[in-house]
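Okay, structure first, notes after.
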2 protein chains.
Amino acid sequence: MVGRPRDERTRNTILRRAADIASKDGLEGLSIGRLAADLGVSKSGLFGYFGSKEELQLATIRIAAGVYLDEVVQPALEVPPGVKRVWRLCDNWLSYSERRVFPGGCFFFTVGAEFDARPGRVRDAVAAAGLEWSRLVARTVGDARRLGELAEDTEPDQLAFELISFMETANALSLLHDDPAAYRRARTAIRARLGVADSAARPS
Amino acid sequence: MVGRPRDERTRNTILRRAADIASKDGLEGLSIGRLAADLGVSKSGLFGYFGSKEELQLATIRIAAGVYLDEVVQPALEVPPGVKRVWRLCDNWLSYSERRVFPGGCFFFTVGAEFDARPGRVRDAVAAAGLEWSRLVARTVGDARRLGELAEDTEPDQLAFELISFMETANALSLLHDDPAAYRRARTAIRARLGVADSAARPS
DNA sequence: CCTACCGATCGGTAGG
DNA sequence: CCTACCGATCGGTAGG
């Protein structure tokens with residue numbers, strides 16, 4: 001009953017826009033009045049969909065997680081388990097960041113940095129999403145090792161940490177310095193770490 | 001004449017507190033009224049030191065850069081050039097983050113993520129500080145290579161990117177998940193990358 | 001789902 | 001360096 005079934009399309013439109021704004025200005029920088037003006041609706045009308053700013057923030061995180069799943073995770077699961085799937089996951093992530101699916105780069109990078117030193121439900125939701133992602137990367141690495149495609153002494157959590165480090169930092173540096181070279185550096189580092197060939201990325 | 005020489009100690013106290021707040025809540029989350037209340041002075045009195053919020057933000061960045069220099073850079077320059085100096089620089093950074101010299105972790109990580117998608121002087125100052133740091137790491141790596149302590153085909157910019165990735169991500173994950181293991185992972189990754197022994201960090 | 005409003009807080013200023 | 005204030009905006013509510 002909550003969420004007015006008939007208006008779910010409108011609700012999704014609102015949240016997709018909210019995620020775009022939050023990727024640039026954060027979930028605190030996202031104001032209800034500005035979002036309403038942006039969408040050409042009244043502030044109290046928009047407010048009614050969520051009931052509080054915190055609920056709007058939490059719903060925005062859920063929508064962004066859906067985008068992330070569609071853009072990064074799902075297409076990688078079409079590749080069979082192994083090093084190639086690990087590479088696909090990383091390359092999809094870098095492409096998602098590079099294409100500015102969210103205009104402020106990775107939504108979860110922005111809001112992670114914003115809430116990492118504050119308590120509350122928003123922080124908990126952001127942290128949970130990040131943990132799920134870390135575990136997915138580690139599990140995918142673990143599969144590749146079990147298949148004999150990575151050294152036997154590979155520690156999945158450690159390698160996942162390293163891969164995620166390259167991705168996050170490419171996102172951060174490309175935004176702060178308007179420098180696409182960061183993505184090239186991340187791909188070089190990830191390829192070296194996985195021992196995959198420099199195939200798709202060297203037409204020039 | 002700007003900055004009232006007689007009050008420079010007060011000014012420094014204000015700015016050091018401002019940097020602490022900004023490391024948690026960002027440079028936009030830093031409000032003049034809250035900062036004044038925190039320090040027990042009037043809002044307009046504090047305002048008079050800076051003249052605008054943007055000038056307060058820029059002065060806060062300069063103070064934070066000084067802390068960074070004292071905590072991370074200077075002590076590493078006491079070690080002679082080479083791989084050990086690179087390691088020292090990285091280890092100092094991780095310690096600076098881990099000891100919460102700023103309560104919200106690395107000041108520049110927080111404000112970098114906050115301003116990476118907004119134009120303006122604050123962003124430019126944050127980006128310039130980040131670039132200076134990247135170049136210092138790359139130069140230190142280049143020195144080590146020239147001394148024959150790293151492989152001849154080491155690319156300083158690439159290795160600097162990788163080292164910085166591990167540091168930034170340790171900071172981010174330790175905060176978001178309240179998990180000190182991130183620092184261990186970063187040190188493991190950096191040691192492997194530099195080929196330095198697991199000396200100081202394995203008493204247990 | 002709208003207009004009109006609430007108290008709180010924002011950056012900034014007047015006046016002393 | 002203070003008190004007192006400015007208009008703008010914040011999240012949220014009343015009333016229809």
Side-chain angles (χ1 to χ4, degrees), chain A residues 1-22 24-61 111 114-115 118-123 125, chain B residues 1-22 24-61 111 114-115 118-123 125:
Chain A
M1 304 317 147
V2 172
R4 295 181 182 95
R6 67 189 165 134
D7 293 337
E8 210 180 309
R9 277 203 349 254
T10 307
R11 201 183 132 99
N12 261 36
T13 304
I14 294 168
L15 289 173
R16 193 57 185 75
R17 178 71 66 101
D20 278 354
I21 293 171
K24 290 186 291 189
D25 297 332
L27 281 165
E28 290 297 336
L30 173 70
S31 97
I32 296 167
R34 180 185 159 195
L35 180 58
D38 245 47
L39 292 160
V41 299
S42 77
K43 199 178 78 165
S44 76
L46 190 151
F47 188 86
Y49 278 88
F50 307 103
S52 75
K53 176 157 185 184
E54 192 177 57
E55 288 301 331
L56 167 62
Q57 294 173 320
L58 293 168
T60 302
I61 291 168
V111 304
E114 185 183 13
F115 281 89
R118 309 181 197 187
R121 297 169 68 204
V122 173
R123 175 224 168 90
Chain B
M1 304 313 149
V2 172
R4 295 181 180 95
R6 66 187 166 135
D7 292 338
E8 208 180 312
R9 277 202 351 255
T10 307
R11 200 184 133 98
N12 262 34
T13 304
I14 294 168
L15 289 173
R16 194 57 184 76
R17 178 71 66 100
D20 278 354
I21 293 172
K24 290 186 292 188
D25 297 333
L27 281 166
E28 290 297 337
L30 172 70
S31 96
I32 296 167
R34 179 184 160 196
L35 180 57
D38 245 46
L39 292 160
V41 300
S42 76
K43 198 177 77 164
S44 75
L46 190 150
F47 187 87
Y49 278 89
F50 307 103
S52 74
K53 176 156 184 183
E54 191 177 58
E55 288 300 332
L56 167 63
Q57 292 173 321
L58 293 168
T60 302
I61 291 167
V111 304
E114 185 183 11
F115 281 91
R118 308 181 198 188
R121 296 169 68 203
V122 172
R123 175 223 168 90

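None of these values were measured; they are calculated from a predicted model. All values below come from the heavy atoms of this structure, side chains included, with hydrogens, waters and symmetry mates left out. Throughout, protein chains are lettered first and strands after them, A, B, ... in sequence-line order, and every chain is numbered starting at 1.
- One interatomic measurement links the two molecules: CG of A:Asp7 to C1' of C:dC1, which rounds to 10 Å at whole-angstrom precision.
- Within the 4.0 angstrom heavy-atom criterion, only backbone atoms of the sugar-phosphate kind lie near B:Leu30; the bases stay farther away.
- C:dG11 atom P lies 12 Å from atom CG of B:Leu27, rounded to whole Å.
- Remark: A:Arg34 CZ to A:Asp25 CG distance equals 4.5 Å, nearest 0.5 Å.
- For the pair A:Leu39 CG and C:dC1 C1', the computed distance is 14 Å after rounding to whole Å.
- A:Asp25 places its CG atom 15 Å from the C1' atom of D:dC10, with the value rounded to the nearest Å.
- Regarding A:Leu56, its CG atom lies at a distance of 13 Å from the C1' atom of D:dG12, rounded to whole Å.
- To the nearest angstrom, C1' of C:dG11 lies 6 Å from CZ of B:Phe47.
- Under 4.0 Å is where a charged nitrogen must lie from a carboxylate oxygen, and between B:Lys24 and B:Asp20 no such pair does.
- Shown are A:Leu35, A:Asn12, A:Thr60; of these, the side-chain contact (heavy atoms from CB on, under 4.5 Å) with A:Arg17 is made only by A:Leu35.
- Residue B:Leu46 contributes atom CG, which lies 14 Å from atom P of D:dT3 at whole-angstrom precision.
- Across every strand in view, D:dG15 sits in a pair with C:dC2 that passes the Watson-Crick or G-U test at under 3.5 angstrom.
- Both B:Gly40 and B:Lys43 sit near DNA chain D, but only B:Gly40 has its closest nucleotide nearer the 5' end.
- Between the CZ atom of A:Arg34 and the P atom of C:dC10 there is a distance of 19 Å, given to the nearest Å.
- Here the CZ-CD distance, from B:Phe115 to B:Glu28, works out to 4.5 Å after rounding to the nearest 0.5 Å.
- Using a 4.0 Å heavy-atom distance criterion, B:Ser44 is classed as a base contact.
- When distances are taken from the side chain of A:Ser42 to each of C:dG12, C:dT3, D:dC10, the shortest belongs to C:dT3.
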